[in-house]
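The block underneath contains the structure these notes are about, expressed in structure tokens.
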Amino acid sequence: MTNPIIVGHRGARNLWAENSLTGFRNLLGLKIESVEFDVHLSAAGELLVIHDATLDRTTERSGRVADLAAGEYRSVILKGTDERIPTLEEVLEIYAPTGLELHVELKADAEGKPYEGLEARAAAEIDRFGLAGKSFLTSFNSEVLKVIGQVAPHIRRLSSLNHKSVEARGLRQSVEAMLQVSDVLAIEKALLREEWELLTALIPAEKLGVWVPNELEDLSFWLKQPLRQITTDRPDLGVKAREGLFDAAH
């Protein structure tokens with residue numbers, strides 16, 4: 001198996017403002033293979049690229065993303081920047097010509113409920129840009145992943161797992177359920193380390209990813225493991241670690 005690919009998490013949230021157009025553009029200057037970002041659905045039907053269901057942490061505003069009126073996102077400024085929340089369309093415009101693999105996470109509302117129709121809307125945007133073959137639609141929620149399979153069977157699916165998300169069902173059952181509805185399983189790094197033997201027995205290496213190692217030593221460790229992908233807030237360090245390992249081996 002080849003080296004794991006490197007995925008820029010929320011663009012590269014420890015380098016630039018997370019889920020920002022500046023971050024998404026700057027990411028193109030790094031020798032990585034993929035980018036991850038998050039999508040919410042406003043009440044006005046707009047697909048907005050932001051991680052949280054509320055505006056409070058990452059913007060100068062407060063309130064729920066879902067409550068934004070049509071066009072209101074244009075006045076919501078990201079903290080520490082002079083730019084606003086991007087739309088899915090704007091992010092896809094940046095990456096459509098590049099060949100980068102896209103991991104598009106479909107988020108839930110402030111009550112933790114999936115947005116009705118988000119799966120089909122996001123898939124339609126991806127299709128409009130001709131990016132289905134380069135994209136994954138991702139979620140922590142197996143029901144959302146099932147819907148993606150129904151409305152967009154031509155787009156690959158990725159499920160994310162961490163300690164909290166496997167609590168109710170248990171680890172083995174959670175993994176087995178997600179394997180039914182996912183092409184790739186991305187596991188939080190602490191959980192993957194703790195349960196390495198079980199998880200690697202259940203999940204083939206070409207379907208297994210880790211998130212979110214951010215230190216050089218940690219990235220070097222995971223780059224040596226049989227994985228498909230490493231999702232990191234510091235993709236620049238991921239590239240540095242990979243180049244260091246490659247140079248050392250040759």
Side-chain angles (χ1 to χ4, degrees), residues 7-27 35-95 102-126 128-129 135-145 147-148 151 158-165 167-168 186 188 211-212 214 231 233:
V7 186
H9 186 228
R10 305 185 202 170
R13 69 186 293 247
N14 286 6
L15 292 173
W16 306 290
E18 70 175 61
N19 286 321
S20 66
L21 290 177
T22 293
F24 292 132
R25 292 190 187 103
N26 288 349
L27 197 70
V35 59
E36 186 269 354
F37 52 89
D38 310 281
V39 180
H40 286 266
L41 181 64
S42 76
E46 292 167 330
L47 299 169
L48 302 178
V49 175
I50 183 171
H51 179 270
D52 298 359
T54 60
L55 303 169
D56 305 50
R57 181 179 63 87
T58 59
T59 83
E60 300 292 349
R61 294 269 297 276
S62 60
R64 305 191 323 162
V65 176
D67 292 338
L68 291 172
E72 191 177 359
Y73 71 90
R74 295 189 184 95
S75 64
V76 180
I77 303 301
L78 302 179
K79 283 181 180 174
T81 77
D82 58 0
E83 57 186 292
R84 56 173 174 72
I85 297 175
T87 64
L88 179 58
E89 177 183 35
E90 289 168 329
V91 179
L92 297 181
E93 280 175 349
I94 290 171
Y95 292 123
L102 309 182
H103 295 185
V104 185
E105 182 169 345
L106 305 184
K107 304 302 286 187
D109 67 16
E111 284 73 49
K113 297 176 184 174
Y115 294 99
E116 187 175 350
L118 177 56
E119 301 91 350
R121 285 172 177 264
E125 278 292 89
I126 288 167
R128 190 162 67 84
F129 282 89
S135 297
F136 284 86
L137 287 169
T138 91
S139 179
F140 281 84
N141 187 317
S142 61
E143 293 305 312
V144 169
L145 292 159
V147 174
I148 295 166
V151 301
L158 181 152
S159 57
S160 297
L161 294 171
N162 59 13
H163 284 95
K164 183 179 178 182
S165 69
E167 249 175 11
E188 191 276 324
W211 56 275
V212 55
N214 294 323
T231 303
D233 298 323

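Just so we're clear, the structure is a prediction, and the values are computed from it rather than from any experiment. Numbers here simply count residues along the sequence, with the first being 1.
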Q) Angle class for the Phe24/Phe37 ring planes (parallel below 30°, perpendicular above 60°, tilted otherwise)? A)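 Perpendicular, since the angle between the ring planes exceeds 60°.
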
(Q) The test is side-chain contact (heavy atoms from CB on, under 4.5 Å); show your working for Thr81 and Thr22 and say whether it passes. (A) CA-CA 9 Å; Thr81 77; Thr22 293; over 6 Å; no

Work out which heavy atom in [X] is nearest to a heavy atom in [Y]; give both atom names and the distance.
| X | Y | value |
| --- | --- | --- |
| Leu88 | Ala122 | CD2-CA, 4.1 Å |
| Val7 | Val35 | CG1-C, 3.9 Å |
| Ala108 | Ala53 | O-CB, 3.7 Å |
| Asp56 | Ser62 | OD2-CB, 3.4 Å |
| Ser165 | Ser160 | OG-O, 4.1 Å |
| Ala44 | Ala69 | CB-C, 4.0 Å |

Hey, does [Y] have a side-chain heavy atom less than 4.5 Å from the side chain of [X]?
| X | Y | result |
| --- | --- | --- |
| Ile94 | Arg25 | yes |
| Val144 | Leu118 | no |
| Leu48 | Leu68 | yes |
| Pro114 | Asn141 | yes |
| Leu21 | Val91 | yes |

With rounding to the nearest 0.5 angstrom, report the [atom1] to [atom2] distance, [X] to [Y].
| X | Y | atom1 | atom2 | result |
| --- | --- | --- | --- | --- |
| Leu27 | Glu36 | CG | CD | 11.0 Å |
| Thr231 | Glu105 | OG1 | CD | 10.0 Å |
| Leu102 | Ile126 | CG | CD1 | 7.0 Å |
| Asn14 | Asp233 | CG | CG | 4.0 Å |
| Ile85 | Ile50 | CD1 | CD1 | 4.0 Å |
| Leu47 | Glu125 | CG | CD | 6.0 Å |

Q.
I'd like to know if the side chain of Glu90 and the backbone of Thr87 have a donor-acceptor N/O pair within less than 3.5 Å.
A.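 Here the side-chain-to-backbone pair exists.
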
Between [X] and [Y] (salt bridge meaning N to carboxylate O under 4.0 Å), is one present in this structure?
| X | Y | answer |
| --- | --- | --- |
| Glu119 | Arg121 | no |
| Glu167 | Lys164 | no |
| Glu18 | Arg57 | yes |

Q) Can you list every ring pair (Phe, Tyr, Trp, His ring centres under 6.0 Å) pair that touches residues 39-86, not counting sequence neighbours? A) His40-Tyr115

**Q.** Intermediate values then yes/no, side-chain contact (heavy atoms from CB on, under 4.5 Å), Val76 and Glu60
**A.** CA-CA 7 Å; Val76 180; Glu60 300 292 349; over 6 Å; no

Q.
Determine whether Leu41 and Glu46 satisfy the following criterion, side-chain contact (heavy atoms from CB on, under 4.5 Å), listing intermediate values before the conclusion.
A. CA-CA 6 Å; Leu41 181 64; Glu46 292 167 330; over 6 Å; no

(Q) Please evaluate residues Asn19 and Thr58 with respect to the criterion side-chain contact (heavy atoms from CB on, under 4.5 Å), reporting the C-alpha separation (whole Å), side-chain torsions for both, the decisive distance (0.1 Å), and the verdict. (A) CA-CA 9 Å; Asn19 286 321; Thr58 59; over 6 Å; no

Q) Considering the options Tyr95, Phe136, Trp211, which one meets the ring pair (Phe, Tyr, Trp, His ring centres under 6.0 Å) requirement together with His103? A) Phe136

Q. What salt bridge (charged side-chain N to carboxylate O under 4.0 Å, His left out) pairs are there with at least one residue in residues 69-83, not counting sequence neighbours?
A. Arg61-Glu72

